[in-house]
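Before any comments, here is the structure.
Everything numeric here is computed off the predicted structure, so don't read it as measured data. The residues of the chain are indexed from 1 along the displayed sequence.
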Amino acid sequence: MPDFRNSIYCLFVETIQTCRDMQNKMEINFEGKIFHLAWSFIALNDLGQSTLISWLNEEEQNTANGFGNDAKAVEFAAGRYCVKQAFATHTPSAAAESVTINVGVWGFPIIEGQNVNISIAHTHSHAMAICADGALPAGVDIEDHSSSNDEAILSQLSRSELRLLSLFPDESEGLHLLWAAKEAVAKAMRTGFRLPMSFFEISSAAYVNGTWHVNFKTASVLSVTAIKKKSVIVALALPAGSVVQQGFEALFSAALPGA
């Protein structure tokens, strides 16, 4: 009988190398300094639960198995897998397949011993992670657009944010884009929504060259670029004034060509 776990490990290493070759990364110019950010994206239905779990180290497997819920275990495993792919692209000289992903004081993910910022996002159907230079605050969120979430999102918006919905061709789409932007900023700040929701109030949104650009009233040091492809929304938070040298839209389209 073949050694299934060894086969999975070989596939994992091969995938890491493929990620290095794909160059899923961007250069970001902030106040004349260049920073690097790499990312990884997968559709969960492309990989089985046992395969995803097998890519985790022992500690991560124990965490996944402790959820007692197959869907949650798959989302957790997919997020960790994406982090390792993104890290492999960002730091190709590192042994990315053996990295340890831990959590910081407010639950944000970290890679032990590495000066990088990572952010993980997943839905029931997709997972994504970014890995940026340690000096660059960055956060990512991914949302599956579903009108069943509209009421819950509406309850979290201020009156001024509700007025912004008129900017979007579809109100439900606008709700999900605004929420994804808030999530991305909360991750970039590493606080999550431990701060009052008013802190994440959005001041403006504009559609430019195929992407949405979202700014914030209080958290004005950050801004978000967001894009929707079919039913999938991705939002990337970076320091306000950042200029992405390589287009975010092109990178996202490469990750999800069928969307």
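Of all heavy-atom pairs between Leu222 and Phe216, the closest is O-CD1, 3.8 Å. The shortest heavy-atom contact between Ala188 and Ala237 is CB-CB, 4.1 Å. When all heavy atoms are compared, the tightest approach of Leu164 to Ala205 is CD2-N, 4.5 Å. Nearest heavy-atom pair across Pro239 and Pro137 is CD-O, 3.3 Å. Scanning both residues, Phe35 and Ala135, for their nearest heavy atoms gives CE2-CB, 3.9 Å. Summarising the geometry of Ile42 relative to Cys82, their closest heavy-atom pair is CG1-SG, 3.8 Å, with the distance given to 0.1 Å.
Between Glu60 and Lys84 there is a salt bridge, since a side-chain N of the basic residue sits under 4.0 Å from a carboxylate O of the acidic one. Using a 4.0 Å cut-off between a side-chain N of Lys or Arg and a carboxylate O of Asp or Glu, Arg80 and Glu59 do not qualify as a salt bridge.
Linking Ile, Leu, Val, Met, Phe, Trp and Tyr whenever their side-chain heavy atoms come within less than 4.5 Å leaves Phe67 and Ile101 in two separate clusters. Val224 and Ile120 are members of different hydrophobic clusters when ILVMFWY side chains are connected at heavy-atom separations under 4.5 Å. Under a hydrophobic-cluster definition in which Ile, Leu, Val, Met, Phe, Trp and Tyr are linked whenever side-chain heavy atoms come within less than 4.5 Å, directly or via other members, Ile28 and Val140 are assigned to the same cluster. Taken together through direct or relayed side-chain contacts under 4.5 Å among Ile, Leu, Val, Met, Phe, Trp and Tyr, Phe41 and Val83 form parts of separate hydrophobic clusters. Side-chain heavy atoms closer than 4.5 Å link hydrophobic residues (I, L, V, M, F, W, Y) into clusters, and following such links, even through other members, never connects Val99 to Leu56.
Side-chain contact between Leu157 and Leu175: present, with at least one pair of heavy atoms (C-beta onward) separated by less than 4.5 Å. Counting heavy atoms from C-beta on, the side chains of Trp212 and Lys228 never come closer than 4.5 Å. You'll find the side chain of Leu165 reaches within 4.5 Å of the side chain of Leu178, heavy atoms only. Side-chain contact between His90 and Leu37 is absent, with no heavy atoms from C-beta onward closer than 4.5 Å. For the pair Val116 and Ile118, the minimum side-chain heavy-atom distance is below 4.5 Å. The side-chain heavy atoms of Leu167 and Tyr207, taken from C-beta on, include no pair separated by under 4.5 Å.
The distance from atom OG1 of Thr211 to atom CD1 of Ile227, rounded to the nearest 0.5 Å, is 6.5 Å. Distance CD1/Ile142 to OG1/Thr123: 5.5 Å, rounded to 0.5 Å. Rounded to the nearest 0.5 Å, atoms CD1 (Ile130) and CH2 (Trp39) are 11.5 Å apart. The NE2 atom of His36 sits 12.0 Å away from the SG atom of Cys131 when rounded to the nearest 0.5 Å. Note that the CG atom of Asn149 and the CD atom of Glu151 stand 11.0 Å from one another [nearest 0.5 Å]. Between atom OG of residue Ser40 and atom OH of residue Tyr81 there is a gap of 6.0 Å, rounded to the nearest 0.5 Å.
Pairs of residues two or more places apart, or lying in two chains, that qualify as side chain to side chain donor-acceptor pair (under 3.5 Å) and include a residue from residues 191-201 are Ser158-Glu201, Ser160-Glu201.
Between the side chain of Ser231 and the backbone N or O of His145 there is no donor-acceptor pair closer than 3.5 Å. In this structure, Thr91 contributes its side chain and Ser93 its backbone to no donor-acceptor pair below 3.5 Å. The main-chain N or O of Ser220 is never found under 3.5 Å from a side-chain atom of Ser223 such that the two would form a donor-acceptor pair. Under the 3.5 Å distance criterion, the side-chain polar atoms of His176 are left unmatched by any main-chain donor or acceptor of Glu143. The backbone N or O of Ile202 lies less than 3.5 Å from a partner atom in the side chain of Glu161, making a donor-acceptor pair. Here the side chain of Asp133 pairs no donor or acceptor atom with the backbone of Leu136 at under 3.5 angstrom.
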Fill in: Chi angles and distances behind the side-chain contact (heavy atoms from CB on, under 4.5 Å) call for Lys72, Val74
CA-CA 5 Å; Lys72 291 293 184 183; Val74 167; over 6 Å; no
Worksheet entry | Working for side chain to side chain donor-acceptor pair (under 3.5 Å), residues Asp150 and Ser172 | CA-CA 6 Å; Asp150 288 1; Ser172 180; 2.8 Å; yes
Item to complete: For the pair Asp141 and Met128, evaluate side-chain contact (heavy atoms from CB on, under 4.5 Å) and give the outcome as yes or no after the intermediate values.
Response: CA-CA 8 Å; Asp141 188 53; Met128 189 174 190; over 6 Å; no
Worksheet item: For Asp144 and His126, what are the C-alpha separation, side-chain angles and deciding distance, and is it a side-chain contact (heavy atoms from CB on, under 4.5 Å)?
Response: CA-CA 8 Å; Asp144 287 331; His126 299 90; 3.5 Å; yes
Expected list for residues 102-115: side-chain donor-acceptor pairs under 3.5 angstrom, two or more places apart:
unit_1 : atom_1 : unit_2 : atom_2 : d
Asn102 : ND2    : Glu112 : OE2    : 2.9

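Remark: Phe193 engages Trp179, Phe200 in a ring pair (Phe, Tyr, Trp, His ring centres under 6.0 Å) (not counting sequence neighbours).
Remark: the Asn24 side chain and the Thr89 side chain contain no N/O donor-acceptor pair separated by less than 3.5 Å. Remark: the His122 side chain and the Glu75 side chain contain an N/O donor-acceptor pair separated by less than 3.5 Å.
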